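Data first, discussion second: the structure below is written as C-alpha cells.
Order of the sequence lines fixes the chain letters, A, B, ..., with proteins taken first and strands second; residue numbering starts at 1 for each chain. Note that the structure is a prediction, hence the values are computed from the model and not measured.
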Number of protein chains: 2
Amino acid sequence: MTVDPRSHTPVYVQVADILRRRIESGELAPGVSLPSEARLTQEYGIGREAVRMAMSILRSEGLVSTVRGHGTRVRSSPERQRVELPAGASVVARMPTGRERNELHLDEGVPVLEIRHGKGEVEVKPGDQVELTRPTES
Amino acid sequence: MTVDPRSHTPVYVQVADILRRRIESGELAPGVSLPSEARLTQEYGIGREAVRMAMSILRSEGLVSTVRGHGTRVRSSPERQRVELPAGASVVARMPTGRERNELHLDEGVPVLEIRHGKGEVEVKPGDQVELTRPTES
DNA sequence: CCCCATTTGTCCGTATGTATC
DNA sequence: CGATACATACGGACAAATGGG
C-alpha cells in the first residue's frame with residue numbers, strides 16, 4: 001500500500017485509511033505499536049505533518065492511543081455494561097462536548113449516548129462502556 | 001477572547017475551545033464559514049499549525065467540515081429520523097470503520113449506532129441522522 | 001475558456017518541552 | 001545519565017482546489 005500525492009484525497013486521509021485497514025484486518029492487533037512517526041514519513045515518503053494528522057484521525061476514531069515518549073498503540077475495545085433504555089425514552093449518538101469529555105473522563109474518539117427521557121430530562125453516557133437494551137416484553 | 005501562550009493548556013486547545021463556544025453560542029451558526037486559517041493566525045497572534053490543529057479537533061467532534069480551497073463551515077445537524085428500537089434488541093455507539101464511512105457518506109466526527117437484533121444480526125445507522133426510540137408500552 | 005484572489009494541503013527547517021526506557 | 005519518541009509551536013515556501021469575474 002502506498003500514497004498518491006496527486007490524488008484529490010489528502011495524503012493524511014490516505015495514510016489514515018491505510019493504517020485503519022491494517023488495524024481492522026488484524027495485521028496490527030490490539031496492543032501492538034504502530035511504526036513511529038519518523039518511520040512512517042520515510043516509508044511513505046511524506047512529511048511529518050501528514051503523518052501526525054493521520055494519527056490524529058485514528059485517535060479521534062478511538063482506534064489508537066498515543067503515549068508521549070513511547071509511541072502509538074492499537075486500542076482494545078473495552079467491556080460494555082448493559083443498561084436498559086426506559087420506556088418512553090429515546091437515544092441519539094454524538095461526539096461529546098469538551099466539558100463532557102472532561103467530566104466523563106472520555107478518551108479521544110469516544111462518542112456518547114444521549115438518552116432523552118420524557119420531559120426534557122437528558123442523560124449522557126459514555127459510548128464505549130454502555131450497551132443500551134430493550135428487553136422483550138413479558 | 002484571547003490566547004495565553006504561557007498557559008499549561010496548549011494554544012491549539014485554547015483556540016478550539018474559543019471557536020467551540022462561538023459555535024455553541026450560535027454566533028457561528030450552521031452553514032457559516034469560520035475565519036480562514038490566515039485570519040485566525042493574525043487575530044490570535046499564533047502560528048498556522050496551532051490553528052490547523054484546533055480545526056482538526058472541531059472536525060473530530062463533528063462540529064465543522066473543511067473543504068480544501070474553500071474553507072471550514074459549521075456543520076448543520078440534519079433532521080433526525082425517529083426509528084423504533086425493536087424489543088429484544090440492543091444498541092451501542094461507536095465510530096464507523098473506514099468502509100462504513102464511505103458507504104454511509106459520513107463526515108469526520110460522526111459516530112454510528114450499531115443495532116444488535118436477536119441472533120447476531122447487526123444493523124448500522126448514521127449517528128447524526130437517527131434517533132432511536134422505545135415507545136411507552138400500551 | 002482563462003485569470004486571479006482566497007483558502008486549505010503539504011513539506012521543510014528549527015526550537016523547546018516532556019515522557020519513556 | 002543519554003537516546004528515543006512524541007507534543008507543541010513558530011516560520012517559510014509552494015502546490016492544489018475553489019469560486020468569482
Side-chain angles (χ1 to χ4, degrees), chain A residues 1-19 23 28 31-75 98 101-102 107-109, chain B residues 2-19 23 28 31-75 107-109:
Chain A
M1 255 315 160
T2 179
V3 163
D4 177 16
R6 285 179 302 270
S7 167
H8 38 273
T9 67
V11 171
Y12 70 87
V13 175
Q14 293 182 51
V15 175
D17 288 343
I18 291 173
L19 292 174
I23 291 170
L28 293 171
V32 169
S33 283
L34 270 61
S36 74
E37 294 179 351
R39 193 96 179 73
L40 289 171
T41 59
Q42 295 168 9
E43 215 146 285
Y44 294 112
I46 59 180
R48 297 171 317 218
E49 210 162 322
V51 171
R52 287 180 56 75
M53 292 188 74
M55 296 298 202
S56 172
I57 288 181
L58 297 181
R59 277 196 299 273
S60 82
E61 292 174 354
L63 283 180
V64 302
S65 166
T66 300
V67 177
R68 176 149 58 182
H70 174 68
T72 299
R73 286 189 180 174
V74 180
R75 278 181 42 173
R101 261 217 322 281
N102 285 334
D107 282 343
E108 255 188 88
Chain B
T2 178
V3 163
D4 176 16
R6 286 177 304 269
S7 167
H8 322 285
T9 67
V11 172
Y12 71 89
V13 174
Q14 295 181 51
V15 175
D17 288 344
I18 291 173
L19 293 173
I23 291 171
L28 293 171
V32 168
S33 283
L34 270 61
S36 72
E37 296 177 353
R39 193 97 178 70
L40 290 171
T41 60
Q42 294 169 9
E43 215 145 284
Y44 295 112
I46 60 180
R48 194 177 165 205
E49 200 165 334
V51 171
R52 286 179 58 77
M53 292 185 74
M55 297 298 202
S56 174
I57 289 180
L58 298 180
R59 278 195 300 272
S60 80
E61 293 173 352
L63 285 178
V64 303
S65 167
T66 299
V67 177
R68 178 181 190 175
H70 177 70
T72 298
R73 286 190 180 174
V74 180
R75 274 180 37 123
D107 281 344
E108 249 189 271

Report summary line: In terms of heavy-atom contacts, L28(B) and V74(B) come closest through O-CG2, 3.7 Å

Requested in this report: Tell me whether the OP1 or OP2 atom of dA9(D) has a side-chain N or O from Y12(B) closer than 4.0 Å.
Outcome: no

Query - Between dA7(D) (C1') and H8(B) (NE2): distance, integer Å - result: 17 Å

Requested in this report: Check the distance between dA9(D)'s C1' and Y44(B)'s OH and give it to me in whole angstrom.
Outcome: 18 Å

Report task. Using whole Å, report how far CZ of R39(B) lies from C1' of dA5(C). Result -> 16 Å

Report task. Take atom CG of L40(A) and atom C1' of dC11(C), then tell me their distance rounded to the nearest Å. Result -> 16 Å

Query raised in the report: Any donor-acceptor pair under 3.5 Å joining the side chain of E49(A) to the base of dC11(C)?
Result: yes

Report task. Between dA15(D), dT7(C), dA5(D), spot the one nearest the side chain of S36(A), thanks. Result -> dA5(D)

**Report entry** side-chain N/O R52(B) vs dT8(C) OP1/OP2, d < 4.0 Å
**Finding:** no

**Report entry** DNA chain D: 5'-proximal contact among I46(B) and T66(A) (nearest heavy atom)
**Finding:** T66(A)

Requested in this report: Please state how far atom CD in E37(B) lies from atom P in dT18(D), giving the value in whole angstrom units.
Outcome: 16 Å

Query - Atom pair distance, as rounded to whole Å: CZ in R68(A) and P in dC6(D) - result: 12 Å

Query raised in the report: Looking at dT14(C), does its base get a donor-acceptor pair with the side chain of R48(A) below 3.5 Å?
Result: yes

Query raised in the report: How close or far is atom P of dC6(D) from atom CG of L34(A), stated in whole angstroms?
Result: 10 Å

Report task. State, to the nearest 10°, the angle formed by the axis through the first five base pairs of the helix from dC2(C)-dG21(D) to dC21(C)-dG2(D) and the axis through its last five. Result -> 30°

Query raised in the report: Under 4.0 angstrom, heavy atoms only, what part of the nucleic acid is G47(A) near: base, sugar-phosphate, or nothing?
Result: sugar-phosphate

Requested in this report: Determine the contact category for T72(A): base if any of its heavy atoms lies under 4.0 Å from a base atom, sugar-phosphate if only primed atoms, P, OP1 or OP2 are that close, otherwise nothing.
Outcome: nothing

